[in-house]
Amino acid sequence: QVQLVESGGGLVQGGGSLRLSCAASGRTFSRYGMGWFRQTPGKEREFVAGISRSGRTTVYADSVKGRFTISRDNAKNTVSLQMNSLKPEDTAVYFCAAAEGSDYSYSRTPYTYWGQGTQVTVSS
């Protein structure tokens with residue numbers, strides 16, 4: 001099992017930046033593909049970014065491509081999401097997720113472990 005704890009959310013003006021971090025418990029972090037998802041009230045949780053177990057491959061939703069960067073440090077059991085040029089439509093609760101034995105997925109299905117979420121609010 002792995003436990004995930006997100007941090008770094010907050011309120012930022014449009015055009016600003018935030019960096020989210022996700023700390024994972026356990027000694028097998030490198031076995032998990034990692035992803036970031038986000039959710040707003042009344043909407044489905046949507047994929048934002050994913051990173052392979054080695055960290056060599058990253059994928060992004062079209063809506064954040066070129067603005068967000070996902071990275072991981074397997075020695076420190078962390079995954080991060082650097083968010084630049086933030087827009088009001090990026091406002092959401094952001095969740096970190098782990099998929100055991102899978103590099104990454106745009107779908108929620110392989111992700112079996114989830115953090116509690118961190119709120120990101122972007123003002124216009």
Side-chain angles (χ1 to χ4, degrees):
Q1 277 203 358
V2 61
Q3 291 184 319
L4 305 172
V5 179
E6 302 99 334
S7 61
L11 173 63
V12 65
Q13 265 195 325
S17 298
L18 277 177
R19 185 177 180 86
L20 304 183
S21 293
C22 174
S25 64
R27 295 175 290 179
T28 58
F29 181 65
S30 60
R31 289 171 51 184
Y32 296 86
M34 300 298 296
W36 285 96
F37 288 73
R38 65 187 181 187
Q39 189 170 23
T40 53
K43 291 191 176 181
E44 291 285 322
R45 193 169 296 186
E46 65 172 1
F47 173 83
V48 174
I51 189 165
S52 63
R53 287 168 286 184
S54 67
R56 284 193 289 266
T57 303
T58 57
V59 292
Y60 300 92
D62 287 344
S63 58
V64 307
K65 204 171 291 184
R67 300 187 298 122
F68 290 11
T69 302
I70 187 171
S71 60
R72 68 188 294 162
D73 186 335
N74 285 346
K76 295 182 178 179
N77 284 14
T78 59
V79 61
S80 299
L81 185 69
Q82 177 66 42
M83 306 185 295
N84 298 328
S85 303
L86 282 161
K87 306 175 181 179
E89 50 264 44
D90 294 317
T91 295
V93 177
Y94 283 71
F95 297 88
C96 170
E100 187 171 8
S102 177
D103 269 333
Y104 55 82
S105 173
Y106 296 92
S107 164
R108 290 180 58 180
T109 302
Y111 295 97
T112 51
Y113 300 102
W114 294 82
Q116 82 289 349
T118 185
Q119 176 71 47
V120 171
T121 303
V122 184
S123 63
S124 56

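Between V120 and G9, the closest heavy-atom pair is CG2-CA, 4.2 Å. When all heavy atoms are compared, the tightest approach of I51 to V79 is CG2-CG2, 4.2 Å. Between S105 and P110, the closest heavy-atom pair is CB-CG, 3.3 Å. A98 and M34 get closest at one heavy-atom pair: CB-SD, 3.6 Å. The minimum heavy-atom distance between E6 and W36, with the atom names listed, is CG-CZ3, 3.9 Å. Counting all heavy atoms, side chain and backbone alike, A24 lies closest to L4 at CB-CD2, 3.6 Å.
Using a 4.5 Å cut-off between side-chain heavy atoms of Ile, Leu, Val, Met, Phe, Trp and Tyr, with links allowed through other members, V64 and V59 fall into different hydrophobic clusters. Grouping the Ile, Leu, Val, Met, Phe, Trp and Tyr side chains by contacts below 4.5 angstrom, directly or via other members, places Y104 apart from L81.
Checked by atom type and distance alone, the side chain of R72 never pairs as donor or acceptor with a backbone atom of G33 at under 3.5 Å. N74 contributes a side-chain N or O that, together with a main-chain N or O of R53, makes up a donor-acceptor pair within less than 3.5 Å. A donor-acceptor pair is defined here as one N or O able to donate and one able to accept, closer than 3.5 Å; no such pair exists between the side chain of T121 and the backbone of T91.
Within the structure, ring pair (Phe, Tyr, Trp, His ring centres under 6.0 Å) pairs that include any residue of residues 47-96 comprise F37-F47, F47-Y106 (at least two apart or interchain).
Separation of atoms SG (C22) and CG (N77) is listed at 10.0 Å; rounding is to 0.5 Å. With rounding to the nearest 0.5 Å, the separation of OG1 in T58 from CZ in R56 is 12.5 Å.
When hydrophobic residues (I, L, V, M, F, W, Y) are linked wherever their side-chain heavy atoms come within less than 4.5 Å, V5 remains an isolated member.
Ion pairing between K65 and D62 holds under the 4.0 Å rule for side-chain N and carboxylate O.
Using a 4.5 Å heavy-atom cutoff, the side chains of Y32 and Y111 are not in contact. Annotation: side chain of R67 is in contact with side chain of D90 (closest heavy-atom distance under 4.5 Å). Side-chain atoms of R38 and E46, non-hydrogen and from C-beta on, do get closer than 4.5 Å to each other. Using a 4.5 Å cut-off on side-chain heavy atoms (C-beta onward), S71 and Q82 make no contact. Taking the side chain as every heavy atom from C-beta outward, T57 and D103 never approach each other to under 4.5 Å.
For Q119, the CD atom counts as densely surrounded, since its 6.0 Å shell holds more than 12 non-hydrogen atoms of other residues, nucleotides or ligands.
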